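One structure below.
In this text the structure is predicted, and so the values were computed from the model without any measurement.
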Amino acid sequence: MNVLVLNSGSSSLKFQIIATDLEQIKAYKDDRILRGEVEGIGGEAIVKIRYRKEPEKTLTAPVRDMGAALDYLLRYIASERSGIHEIKNTAEIHAVGHRVVHGGELFKESTLIDDRVLKGIEDCIDLAPLHNPNNVKGILAARELFGKEVPQVAVFDTAFHHSIPEQAYLYAIPYHLYRRHRIRRYGFHGTSHRYVAFRYRALRGLTREQTNIITLHLGNGCSAAAIKAGSPVDTSMGLTPLEGLVMGTRSGDLDPAIVGVIARKEGMSSSEVETLLNTQSGLLGISGLTNDMRELQAELTDHDDRRVRLALEIFCYRARKYIGSYLAAMGGADAVVFTGGIGENSPEVRARICREMEWAGLRLDAPKNQETVGHEGLISTEDSKLLAYAIPTDEELLIARDTVRVIKDEPHPS
Ligand code: AMP
């Protein structure tokens, strides 16, 4: 089954085509045909596309909206000049899997999209006004292009976290605010946390119930999850992705009174402050330079800039604090798993986070940590009481697999 995986943003569309089926999933023989991204939708868009191991191609085209982006993409893929042999026309795409950011309390697992489900996703727009409308546009565009005969599946960022108990998902605010507006912790990056938890247990030959780990997704967005007996019992992102760890441009945790203080002192509205906390804060806000960890590390090596150092220290300190608090929340764990662009590729950040964690039985193996970049592996000493792993995430693969399982009505283990 050729599954088109779509992640639609405000002006971008990330896509992959993965050939997979129940047998291929079991044998771990999923076949990634192509991947890429359309950027700059609404104007002259840049389309980057990589077919198998061939060099990435870059194309440009005026693309007015999500529908036009998808249309352009599919025409290109099916054309002779693309050189893509597997897809000769749109009929060779058998299903579409969508990353949907917010499923609220409605969607606890990946779901076949029909009119009722689409309405449910629209109802969650209130909870994710920046993300869900784009996901809806992606779904509508795919429906328009493929027709209703091609099944579409929604895979929610929030779904994996549905097992989190009340004590961890409720905020200590008047309870009626939860009842009236469903204000609670939902958590995000669920597909990523779920994927690396699955890879961890595959690496160690464990069952789901034997999986007691803390997963740290450190990318431009960052989140932590405490996974006990295979299910999350807590996670750091909250009602929105703003809470928790320090991120590229998001502040993560702060005193909520700060919102009012900034609003008053800077003459801003609360939504302007929210934007500042989402887009001007985190690594970018502290360093005053960039949200890009690679650039910050290079800057630190070249110039030892004080604010760059501070940004890195605050980032790592917050992550370490979360490991400590999740160890307490879970009554101990077997491993910490690093993933995301930073978690997968930066031994320096991992080492800084794990510094002075010997009290918890965590001892990094320096050479292993250094060499485990962009591939999975143990990065602690083997006799560490609390092990550490780096595992590259693959949300698209999980979306493709869930799409197949949902269509074939096969239970999909979370
Ligand atoms: P993501 O959102 O998962 O794509 O992660 C993006 C973040 O990963 C950016 O801050 C990148 O600078 C960071 N990143 C990617 N590669 C490296 C690397 N080799 N060293 C440090 N940070 C990296």
Side-chain angles (χ1 to χ4, degrees), residues 28 160-165 167-169 187 189-219 222-237 244-245 316-340 342-347 349-373 375-395 398 413-414:
Y28 221 99
F160 184 48
H161 301 300
H162 81 89
S163 56
I164 291 174
Q167 64 171 16
Y169 76 63
H189 289 148
T191 316
S192 175
H193 291 289
R194 184 178 141 212
Y195 179 78
V196 297
F198 154 72
R199 280 307 305 156
Y200 162 82
R201 64 176 189 261
L203 278 174
R204 294 201 63 199
L206 302 174
T207 64
R208 194 169 173 278
E209 289 65 34
Q210 290 169 324
T211 304
N212 297 304
I213 56 175
I214 296 165
T215 47
L216 290 174
H217 178 109
L218 308 177
C222 301
S223 68
I227 300 177
K228 191 171 176 172
S231 300
V233 291
D234 208 343
T235 192
S236 59
M237 283 178 166
L245 302 175
C316 296
Y317 173 69
R318 179 87 53 91
R320 193 184 319 133
K321 235 167 53 161
Y322 264 90
I323 296 176
S325 73
Y326 283 176
L327 285 172
M330 300 167 70
D334 297 328
V336 176
V337 178
F338 290 92
T339 193
I342 301 170
E344 293 162 21
N345 298 306
S346 178
V349 170
R350 296 190 303 235
R352 266 176 197 266
I353 292 174
C354 296
R355 195 184 286 163
E356 292 175 23
M357 286 292 291
E358 285 82 5
W359 66 271
L362 172 55
R363 252 181 304 126
L364 279 199
D365 181 317
K368 269 194 203 153
N369 180 38
Q370 207 58 41
E371 78 193 20
T372 309
V373 172
H375 61 89
E376 57 189 24
L378 181 71
I379 57 168
S380 65
T381 60
E382 286 185 18
D383 62 353
S384 240
K385 207 163 112 283
L386 178 61
L387 299 168
Y389 285 82
I391 301 183
T393 195
D394 196 342
E395 293 160 271
L398 209 46
S414 51

### Summary
CZ (F338) and OG1 (T393) are apart, to the nearest 0.5 Å, by 14.5 Å

### Message
Between S380 and A388 (side chain of the first, backbone of the second, donor and acceptor by atom type, cut-off under 3.5 Å), is there such a pair?
### Response
yes

#### Entry: Side-chain heavy-atom pair R201, R208 within 4.5 angstrom cut-off
yes

### Message
Is the ring pair H217/H189 parallel, tilted or perpendicular, if the boundaries are 30 and 60 degrees?
### Response
parallel

#### Entry: Test item: S384 side-chain N/O and G361 main-chain N/O as donor-acceptor pair under 3.5 Å
yes

### Task
Describe, in one word, how the ring planes of Y322 and Y326 are oriented to each other, choosing from parallel (under 30°), tilted (30 to 60°) and perpendicular (over 60°).
perpendicular

### Query
What distance do C316 atom SG and K321 atom NZ have between them, rounded to the nearest 0.5 Å?
13.5 Å

### Message
Within this structure, what is the CD1-NZ distance for the pair I214 and K228, rounded to the nearest 0.5 Å?
### Response
11.5 Å

### Task
Apply side chain to side chain contact (heavy atoms under 4.5 Å, CB included) to the pair L216 and I323, showing each step before the final yes or no.
CA-CA 9 Å; L216 290 174; I323 296 176; 3.9 Å; yes

### Task
Examine distances only and state if a side-chain atom of S231 and a backbone atom of I227 form a donor-acceptor pair shorter than 3.5 Å.
no

### Query
Are any side-chain N or O atoms of R320 and backbone N or O atoms of R352, one a donor and one an acceptor, separated by less than 3.5 Å?
yes

### Query
Hey, is the main chain of M237 close enough, under 3.5 Å, to the side chain of S223 for a donor-acceptor pair?
no

### Query
How far does CG of L206 sit from OH of Y200, to the nearest 0.5 angstrom?
5.0 Å

### Query
Looking at side-chain heavy atoms only, is the closest gap between D334 and R204 below 4.5 Å?
yes

Pairs under 3.5 angstrom only: tabulate donor-acceptor contacts from the side chains of residues 362-372 to other protein residues two or more places apart or in another chain.
from : atom 1 : to   : atom 2 : distance (Å)
D365 : OD1    : K368 : N      : 3.2
N369 : OD1    : R350 : NE     : 2.8
N369 : OD1    : R350 : NH2    : 3.0
N369 : ND2    : P347 : O      : 3.0
T372 : OG1    : K368 : O      : 2.7

### Query
How about R194 and T215: does a side-chain donor come under 3.5 Å of a side-chain acceptor?
no

### Message
Within the structure provided, determine whether I353 and V349 are in side-chain contact (heavy-atom separation under 4.5 Å).
### Response
yes

